[in-house]
Amino acid sequence: MKVREDILEALKNGEPIVALESTIIAHGMPYPKNVEIAINVEEEVRKEGAIPATIGVINGEIIIGLNRDEIEYIGKAKGVLKLSTREIPFCVAMKKDGATTVSATSYLAELAGISVFATGGIGGVHRGASDTFDISRDLDELSQTDVIVVSAGAKSILDLPKTLEYLETKGVLVVGFGTNEFPAFYTRKSGLEILKADSEREIAKIYKTKNSLGIESAILVANPIPKEYEIEKEVVDKWIDRAVNEANEKGIKGKALTPFLLARIVEISEGKALDANIELVKNNARVAAKIAKALTQ
Ligand code: PSU
Ligand code: MN
């Protein structure tokens with residue numbers, strides 16, 4: 001595992017660090033916007049006074065803190081594997097390139113000693129999961145990984161009520177950042193109730209309390225997209241229903257399903273979904289940096 005120099009230094013000195021995933025770059029957004037966004041998100045973390053650590057695997061080497069060239073490479077290269085935790089050893093041993101999902105990023109962040117992680121949306125229980133069994137590894141990984149994950153909730157490509165039920169079963173605390181409603185990525189609304197905290201200091205306090213009680217699981221901070229970038233729920237529902245129907249018609253499933261849906265939603269929305277996605281990830285990066293700072297205080 002290669003840890004970038006400034007991150008090593010920050011780990012030694014107990015300075016704030018925010019882990020970032022790379023599947024969102026390789027399989028979540030189109031090139032070259034994906035690379036531009038990844039760099040911008042890192043900037044947001046830096047502006048808040050924390051150090052960004054984008055995680056990925058290149059030629060079998062686990063990298064904690066991809067540099068600019070490496071981010072460009074992951075965003076552009078063909079055949080980059082989509083890694084959930086179970087595929088990390090395959091990717092490393094076989095010297096392949098891999099982008100880390102929420103599960104793999106959480107796992108590697110914990111391994112490196114980083115406790116805060118920002119992303120866009122997490123994986124979850126897919127619609128129709130009672131037939132397909134398709135439940136993202138993200139959820140089980142969060143149940144056994146000691147990190148704070150900041151996301152804008154989850155897209156309704158998933159069955160959101162079942163996703164929240166599953167998180168409860170698995171013992172993952174879900175806390176809304178300034179809201180009692182689980183946000184649904186592009187929109188702040190889902191109609192689903194969660195607990196609420198109002199500041200990064202409160203999140204830090206909850207996290208430290210959890211650890212002092214010996215509870216080993218992640219805290220999922222659900223941070224709604226800023227109001228000015230929110231897209232109406234009715235509009236989002238139409239895009240997503242169309243994308244999900246197309247996936248069903250084409251028989252797309254397994255690891256290919258989420259990337260297919262993400263790409264189709266960007267196309268169907270004529271880029272509007274991508275613009276919203278960018279803003280909410282930046283917002284999550286800022287909140288994660290603030291939480292990372294609060295943890296050091
Ligand atoms: N949902 C999004 N954007 C994403 C992902 C999910 O809105 O980029 C990515 C994340 O990396 C997440 C992964 O961990 O997809 C989940 O994939 P799956 O559904 O195959 O478990
Ligand atoms: Mn799956």
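Numbering of ligands and ligand atoms starts at 1, following listing order.
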Whether Asn223 side chain and Val150 backbone form a donor-acceptor pair below 3.5 Å: no

Residue pair Phe260 / Glu246, side-chain heavy-atom distance below 4.5 Å: yes

Val3: hydrophobic cluster co-members (side-chain, 4.5 Å): Met1, Ile7, Leu8, Leu11, Ile17, Ile51, Ile55, Val57, Ile62, Ile64, Leu81, Leu83, Ile88, Phe90, Val92, Met94, Tyr107, Leu108, Leu111, Ile114

Step-by-step side chain to side chain donor-acceptor pair (under 3.5 Å) determination, Ser106 to Glu141: CA-CA 8 Å; Ser106 305; Glu141 200 64 51; over 6 Å; no

Selection residues 193-203 - residue pairs positive for side chain to side chain donor-acceptor pair (under 3.5 Å), sequence neighbours left out: none

Electrostatic pair Arg4:Glu70 at N-O distance under 4.0 angstrom: no

Side chain to side chain donor-acceptor pair (under 3.5 Å) assessment of Glu110 paired with Thr145: CA-CA 7 Å; Glu110 183 183 50; Thr145 313; 4.8 Å; no

Under-2.8 Å neighbours of the Mn ion (ligand 2), protein N/O/S atoms only: 1

Main-chain N/O of His126 paired with Asp159 side-chain donor or acceptor, under 3.5 Å: no

Short N or O separations between ligand 1 and the protein, below 3.5 Å:
residue  : atom   : partner : partner atom : Å
ligand 1 : 7 (O)  : Lys155  : NZ           : 2.3
ligand 1 : 11 (O) : Glu21   : OE1          : 2.6
ligand 1 : 11 (O) : Glu21   : OE2          : 3.4
ligand 1 : 14 (O) : Val102  : N            : 2.8
ligand 1 : 14 (O) : Asp138  : OD1          : 3.2
ligand 1 : 14 (O) : Asp138  : OD2          : 2.7
ligand 1 : 17 (O) : Lys82   : NZ           : 3.3
ligand 1 : 19 (O) : His126  : NE2          : 3.4
ligand 1 : 19 (O) : Thr258  : OG1          : 2.6
ligand 1 : 20 (O) : Lys82   : NZ           : 2.6
ligand 1 : 21 (O) : Ser136  : OG           : 2.7

Glu36 with Lys33: basic N within carboxylate O range, under 4.0 Å: no

